[in-house]
Asker: 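Pasting in a structure now, in C-alpha cells, and then I'll have a few things to ask.
Computed from a predicted structure; not experimentally measured. Values below: every heavy atom of this structure, side chains too, minus hydrogens, waters and symmetry copies.
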Amino acid sequence: MRSSSTLSIPARTAGRGLVPLLGALTAIGPMSIDMYLPSLPTIARELGASTASVQLTLALFFVGLALGQLIYGPLSDRVGRKGPLISGLVLYVAASAGCAIAPNITALIAFRMLQALGGCAALVISRAMVRDLYPPREAAQVFSLMTLVMGVAPIVAPLAGGYLMAALGWRAVFGAQVAFGLTLLALAALALSETRDAERRRAEPAASLSLDYRVLLSDRRFLGFALSGGAIQAGMFAYISGSPFVFIELFQVPAEAFGWIFGANALGLIGASQVNGLMLRTRAPERILRLTILMPALFGLSLAALVSTKIGGFWGVALPLFGYLAALGFVFPNVTAAALSEHGKRAGLAAAVMGALQFCLAALAGGLVGRLHDATALPMAGVVGGCGVLGLILYLSLAARPSAGGR
C-alpha cells in the first residue's frame, strides 16, 4: 500500500495541489462557523438579541448547509463539479457581505442562511471529487490529508476572529470571510479541473433521481455510516454552539484567548487524523472504525459526568472535550470513505445525502444546546455525551451489519 504522501492523482486533475485545494474548500465550514464564535456575546449585546436568538444564527447555518447539499450534490452528478462549485462560492461571498452590514439579528440570521446555502457547495463537491478519483482506502487517506488542511481553520479562525473583533468589531469578522470566499473562488476558477468525466454525467429524468434516492435510503450500511458519523459530528457542533458561553462567560476566558482553547482541540483532531492516515497503510477504513467508534461515547459520557458532579472545574470540561474532538480524526475520514465507497456512480448525491443528514443532526444538537441554556455547562456536556452514545448505537445497529445495498 502506498503511503498517504505518494498518492497518485489521475492526469485529469489539477496535479499535486489538488488535495490542499480540496481541503481549503472543506475549510469553508469551520472558517464560517469558528471565526465568529468569540463574537457571539458581543453580537447579542450590540444587536439587543437574546442568547438563544444569536445561537440561532449557528443552528440555521447548519440547516442551510444540509438543504443546500441536496441541491448541489445531484446537480454536480449531472452537469459536472466545477460549475455548481463556482456558483455556490459566488453566493457565499455575497451573503458574507450581507452579514457584515446586517442591521439587526433577523437580517443576520437570514444572511447566515444564505451564506450556508452557498458555502455548502464546497463541502459536498469536494467530497464527491475525492470519490471520483480514488478507491476506498486511498479515499480515506485523502480525507485524512484534507482534515490536516481543514484542521488549520479551527486553529486560525477563532484566534483571528477574536483579535479582529477586539480591534475592529464583530462586523470585520464577516469582512474576513468575504476575503476568504473570494480567494477560494479565484483558486477554484483558475486552478481546479473538472473531475466528473463527460460520459459519467447524466441528464436523466426526475424518475432516475428518485431511483437514486431510493437506492441510497434503502442501503442500511450507507445510512449507518452517514448517521453514526453525523451523530458524532453533531457533538462537535454542540460544543461549538455552547463553548463560547461556557468558556467566555462561565470560566471568564477572554474572547481573544478563547481561540487558543479552540486551537488546542483542533490540534487534537489534526493529530488523530494523521495517525489515522498512517493506520490506513495496513488497515481498511472499516477496521479502524470498529476500533475507534467507542471513543466519542466514552469521552462524551465522561464530560457529562464530570460537569454534572462539578468535578474538575475548567479541566473537567476541557480535557474530555479534547478527547471527544480528537476521536473525530479517526471517525470522520473512515465513515466518509465507507459511506461513499459503493456509490461511485452517484457520488455527488451520496455525498449530499450524507452531508444533509449530518448537518440536520448538527442543527438539532446546536439548537438543543441553546434551548436548554441554563447558565451552566450541563446543556453542552449533556448533548455532547448524548451524541457520542447515539453515534455508537447507530453504527452497531446499522453499519456494523452486512448489507446487500449499494452499487
Side-chain angles (χ1 to χ4, degrees), residues 29-30 33-34 37 40-41 44 50-63 65-66 154 158 226-251 253 258 261-262 265-266 268-269 293-328 331-332 335 355-395:
I33 296 166
D34 303 344
L37 290 181
L40 289 182
S50 66
T51 298
S53 295
V54 174
Q55 286 179 329
L56 201 57
T57 66
L58 189 60
L60 288 182
F61 187 87
F62 299 150
V63 173
L65 288 177
L227 289 171
S228 62
I232 291 168
Q233 188 182 33
M236 179 182 72
F237 286 109
Y239 150 74
I240 288 171
S241 179
S243 60
F245 168 78
V246 170
F247 289 113
I248 295 174
E249 299 289 333
L250 199 59
F251 289 116
V253 174
F258 171 74
I261 298 172
F262 221 78
N265 288 329
L269 190 154
I293 194 71
L294 186 63
M295 293 170 62
L298 292 177
F299 282 114
L301 289 174
S302 298
L303 171 67
L306 289 170
V307 169
S308 63
T309 57
K310 299 182 180 179
I311 294 174
F314 173 87
W315 294 108
V317 175
L319 292 178
L321 275 176
F322 178 87
Y324 187 99
L325 295 165
L328 279 171
V331 172
F332 191 69
V335 294
L357 291 172
Q358 290 175 342
F359 281 107
C360 280
L361 290 171
L364 288 173
L368 189 58
V369 171
R371 183 76 174 174
L372 297 175
H373 180 74
D374 64 355
T376 75
L378 192 56
M380 180 192 74
V383 175
V384 171
C387 288
V389 172
L390 178 60
L392 177 62
I393 292 171
L394 288 167
Y395 172 79

Asker: Decide yes or no for Tyr324 and Leu303: does some side-chain heavy atom of the first lie under 4.5 Å from some side-chain heavy atom of the second?
Answerer: no
Asker: Show your working on side chain to side chain contact (heavy atoms under 4.5 Å, CB included) between Leu37 and Phe247 and close with a plain yes or no.
Answerer: CA-CA 11 Å; Leu37 290 181; Phe247 289 113; over 6 Å; no
Asker: What distance do Ile232 atom CD1 and Phe237 atom CZ have between them, rounded to the nearest 0.5 Å?
Answerer: 13.5 Å
Asker: Does any non-hydrogen side-chain atom of Phe332 lie less than 4.5 Å from one of Met236?
Answerer: no
Asker: Within the 4.5 Å heavy-atom criterion, are Met380 and Val317 side-chain neighbours or not?
Answerer: yes
Asker: What are the two closest non-hydrogen atoms of Ala234 and Leu361, and how far apart are they?
Answerer: CB-O, 3.6 Å
Asker: Might you point out which heavy atoms bring Cys387 and Ala365 nearest each other, and give the distance in Å?
Answerer: SG-CB, 4.2 Å
Asker: Any side-chain heavy-atom pair from Leu40 and Phe245 closer than 4.5 angstrom?
Answerer: no
Asker: To the nearest 0.5 Å, what is the distance between CG (Leu390) and CG (Leu394)?
Answerer: 4.5 Å
Asker: Identify the two heavy atoms, one from Pro320 and one from Gly316, that lie closest to each other, and give their separation to 0.1 Å.
Answerer: CG-O, 3.1 Å
Asker: Can you check whether Thr376 reaches Val307 side chain to side chain, under 4.5 Å on heavy atoms?
Answerer: no
Asker: Using side-chain hydrogen bond (donor to acceptor under 3.5 Å, both in side chains) as the criterion, list what pairs up with Thr57, not counting sequence neighbours.
Answerer: Tyr36
Asker: For Ala327 and Met295, which heavy atoms make the closest approach, and how far apart are they?
Answerer: CB-CB, 3.8 Å
Asker: Which heavy atom of Leu250 sits nearest to which heavy atom of Ala375, and what is that distance?
Answerer: CD1-O, 3.7 Å
Asker: Could you tell me if the side chain of Leu364 sits less than 4.5 Å from the side chain of Leu368, heavy atoms only?
Answerer: no
Asker: What distance do Leu357 atom CG and Ser228 atom OG have between them, rounded to the nearest 0.5 Å?
Answerer: 11.0 Å
Asker: Output all residues satisfying ring pair (Phe, Tyr, Trp, His ring centres under 6.0 Å) with Phe251, sequence neighbours left out; order by chain, then residue number.
Answerer: Phe314
Asker: Roughly how far, to the nearest 0.5 Å, is the CG atom of Leu306 from the CG atom of Leu319?
Answerer: 9.0 Å
Asker: Heavy atoms only: give me the nearest Leu378-Ala304 pair and the separation to one decimal.
Answerer: CD1-O, 4.4 Å
Asker: When rounded to the nearest 0.5 angstrom, what is the spacing between OG in Ser302 and CD1 in Ile311?
Answerer: 11.0 Å
Asker: So do Pro296 and Leu328 actually touch side chain to side chain, heavy atoms under 4.5 Å?
Answerer: no
Asker: Quick one: pull up CG in Asn265 and CG in Asp34 and give me the separation to the nearest 0.5 Å.
Answerer: 10.5 Å
